[in-house]
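Beneath this line is the structure, given in structure tokens, with notes to follow.
Every chain is numbered from 1, with letters handed out A, B, ... down the list of sequences.
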Number of protein chains: 2
Amino acid sequence: MTATIKDVAKLAGVSISTVSRVINKSKPVSSEVKAKVLEAIDELGYKPNAVARSLVTRRSNLIGVIVTDIGNSYIAQKVRGIEEIGRMYNYDIILSNSYGDPNTEKKFAELLRSKQVEGIILISEIPNREVIEYVEDFKIPFVYLNKYYANPGLPSVSIDHREASYRMTNYLMELGHRDILYLTSYEGEEASLENYKIEGYKKAIANGTEMERRIYPAQGFKVEDGYAIGDEVANFIREDGITAIFCCQDELAIGLINYCYDNGIKVPEDVSICGYGDTKIASIYRPGLTTIKEPYYDMGAVAIRRIVKKLEGGKLERTTTYLPIRVIKRESCKAKDKQLD
Amino acid sequence: MTATIKDVAKLAGVSISTVSRVINKSKPVSSEVKAKVLEAIDELGYKPNAVARSLVTRRSNLIGVIVTDIGNSYIAQKVRGIEEIGRMYNYDIILSNSYGDPNTEKKFAELLRSKQVEGIILISEIPNREVIEYVEDFKIPFVYLNKYYANPGLPSVSIDHREASYRMTNYLMELGHRDILYLTSYEGEEASLENYKIEGYKKAIANGTEMERRIYPAQGFKVEDGYAIGDEVANFIREDGITAIFCCQDELAIGLINYCYDNGIKVPEDVSICGYGDTKIASIYRPGLTTIKEPYYDMGAVAIRRIVKKLEGGKLERTTTYLPIRVIKRESCKAKDKQLD
DNA sequence: ACATCTTTTATAGTTGCTGTCACACTATCC
DNA sequence: GGATAGTGTGACAGCAACTATAAAAGATGT
């Protein structure tokens, strides 16, 4: 029932093409005619039908985004980056929640293609070869966003976790700590990520004089896992003189701090503890958790920029863009000499 | 470059309409012909062009969602509900981040309309009359989702905050508390929400024998505001025998508990403190925060269901659907006689 | 064998918009 | 003054699908 270009043309007493020209400024139109057309547009409240337009121009101005779970705060941040930057270039985004299932991802990719999206961003924990090949086969710009892996040989955006944990370990060393325990958690697909982080830790330790590597695995990386590993960690503190603990996840660190709180070990007075991720709790918790902030918003922003660049005629190289992290210094880590051990 | 229905028809040696019939099962086709067509579709990897289809059918299978900020965890939860349920009915969602600006909301609504979305869900803090009228004028199903207000006289989904705080206050009373302080925070638009919550608190108190209302305002509802109000609250505890504090927001409660932690007041031994919202910190914090859980996912789910129902020929009434809350019992509140006061 | 009814196919017309082409008109040049 | 160039406008053919209608083919009955 809404007005079409035809109605506008009739009301303004001109041809359809002229109206189109006024709307798109695609060719010059005399000012009197233009005025008439604009008036008609205004009167009818006409708005071009984007569907019809995209059928003929073959441009949808739509970017498909497939995520594992928009309910995850860090994914929502990435999506926010995508949305905000995409908007600047006049792209809308269509969102799909795959819950990490490869078949769902494929199905959604297909759906997005049928909707004629101009690009696809896939955010998943684990790069699934089959899904990726399937999507790349569409021959539309495609960027893969992951948290966990190094360059998977395709256009992607990630974080250099080796560098991240190297810098955090260095920070602890700058605080005077010589006995630093790295609390890791091997679990399924996460292992690969952990390997990078452990490498960074080792590299930093290797630079220190007379420092020993101490890597210990928790059963998982949730709050309860951190609490559960407390007894063992307490032993390390007593027996081995550990003064700082680098946890591979914020939640793990929080759980461990909870344990300490319940067992009379003061943080950071007795031991410095840091996390990884800068989840919201990190800033709210007492003591504030020293941690690594991953640039989620920026990851989304860079992903969409790479797609837009390609759509505007640029190149989309099969490389990974690594974004820098930041060590967020809070109260849970203290200079060693200020600890009362 | 992708195959069209024409290519399929040619390869299968039939007409375009026959192919369309096979795809849409709109009219019977002999099984031999059907087999030929399906084979051709498979061979060409043909997928119908949704844009062309929606131009002629006038159905886009798209729902527009305008949110203030997808980066907010509770909004992301709502969106997750919308996406997941929408998906079940074969709707995709287009996401727009307004950051709460009414003009941006209007602009996005317009954009969505031009994209021929079949329905719009608006999630905002404050219902803006102008925006709402503008969107309703589109004559497509529209549902408003808000956190803060009672029935705004249009199709919406919300929470009965009066009931919520009534139930929380009752819970505290069941624990034996007679001197319960409600820590509110008047601030701009939030005030209206607070009024409902305060009403619920008052209603519960009125049911108690010899109980006094005690309502005190903080300067805001962030962690730092909770900490800042600590001195005054401590006074209430000492002077007025307050044994439980109902904070209007989780963050405020956490800030207050932080203050207590820093000032030798034990929670929940000396005082019970509860929050409102069940943000992630509530479960991770030590002590676990007793709080009210708002059904964000369900709100999104109900909103999209109402739209789908309308699109399937049902009615969309100008009423508010109120979703039930839950009191989440954790360690920050304890029975009064077990407190050592 | 012819008429009638049913099933299947082909044709043409839509959807709303863009882009190419052609035409009419004006301005400029030798 | 006629050729040349430049401008503004309209007609029309797509874009890729769906749909109504008409036509053809096949089945049934007398």
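- Comparing B:Thr57 and A:Ala52 by the nucleotide of DNA chain D that holds the closest heavy atom to each, the one mapping nearer the 5' end is A:Ala52.
- If you find the closest nucleotide of DNA chain D to B:Ile23 and to A:Val29, the one lying nearer the 5' end belongs to A:Val29.
- Residue A:Ser17 is classed as a base contact, given a heavy-atom separation below 4.0 Å to a base.
- Contacts of B:Ser15 with the nucleic acid, taken as non-hydrogen atoms under 4.0 Å apart, include base atoms.
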Let's go through A:Lys47 and A:Thr2 carefully: what are the C-alpha distance in whole Å and the side-chain angles of both, what is the deciding distance for side chain to side chain contact (heavy atoms under 4.5 Å, CB included) to 0.1 Å, and is it a yes or a no?
CA-CA 8 Å; A:Lys47 287 286 170 333; A:Thr2 56; over 6 Å; no
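- With rounding to whole Å, A:Arg59 atom CZ is found 18 Å from C:dC17 atom P.
- Listed candidates were C:dT9, D:dC18, C:dT18. Nearest to the side chain of A:Asn24 is C:dT18.
- The side chain of A:Arg53 places no N or O atom within less than 4.0 Å of a non-bridging phosphate oxygen (OP1 or OP2) of C:dG16.
- Rounded to a whole Å, the NZ atom of A:Lys27 is 8 Å from the C1' atom of C:dC21.
- Considering only residues two or more places apart in sequence or on other chains, A:Glu110 meets the salt bridge (Lys or Arg N to Asp or Glu O under 4.0 Å) condition with A:Arg113.
- Checked by atom type, the side-chain pair B:Ser124/B:Thr68 shows no donor-acceptor distance below 3.5 Å.
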Verdict with reasoning, A:Thr321 to A:Arg305, per side chain to side chain contact (heavy atoms under 4.5 Å, CB included):
CA-CA 11 Å; A:Thr321 309; A:Arg305 271 218 195 86; over 6 Å; no
Which is it for B:Val67 and B:Asn97 under the side chain to side chain contact (heavy atoms under 4.5 Å, CB included) test, yes or no, and what are the steps along the way?
CA-CA 5 Å; B:Val67 303; B:Asn97 246 334; 3.4 Å; yes
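- Each of C:dT15, C:dC17, C:dT9 was ranked by its minimum atom distance to the side chain of B:Thr18; first place goes to C:dT9.
- Ranked by how close their nearest DNA chain C nucleotide is to the 5' end, B:Gly13 and B:Val56 are led by B:Gly13.
- Across all strands shown, A:Thr4 has heavy atoms under 4.0 Å from sugar-phosphate atoms exclusively, and none from any base.
- Residue contacts shown for A:Val14 are limited to sugar-phosphate atoms, with no base heavy atom under 4.0 Å away.
- Heavy atoms of A:Val33 sit under 4.0 angstrom from primed sugar atoms or phosphate atoms, though from no base atom.
- Here the nucleotide nearest the side chain of A:Ser30, chosen from D:dG8, C:dT15, D:dC18, is D:dG8.
- Across all strands shown, A:Ile16 has heavy atoms under 4.0 Å from base atoms, whether or not it also approaches the sugar-phosphate.
- Picking from D:dA17, C:dC21, C:dC17 the nucleotide with the shortest atom distance to the side chain of B:Ile5 gives D:dA17.
- Considering A:Ile85, A:Asn61, A:Ile82 in turn, A:Asn61 is the only one that fulfils the side-chain contact (heavy atoms from CB on, under 4.5 Å) rule with A:Tyr91.
- Put simply, the side chain of A:Gln77 gets close to the backbone of B:Gly71: a donor and an acceptor are under 3.5 Å apart.
- Rounding to whole angstrom units, CG of residue A:Leu44 and C1' of C:dG16 are separated by 15 Å.
- When the C1' atoms of four end pairs are superposed on the next four at each end of the helix from C:dA1-D:dT30 to C:dC30-D:dG1, using five pairs per end, the two resulting axes differ in direction by 60°, to 10°.
- A donor-acceptor contact under 3.5 Å is formed by the side chain of A:Arg21 with the base of D:dG10.
- Note on B:Glu83 versus B:Arg87: salt bridge recorded, some NZ/NE/NH1/NH2 to OD/OE distance being below 4.0 Å.
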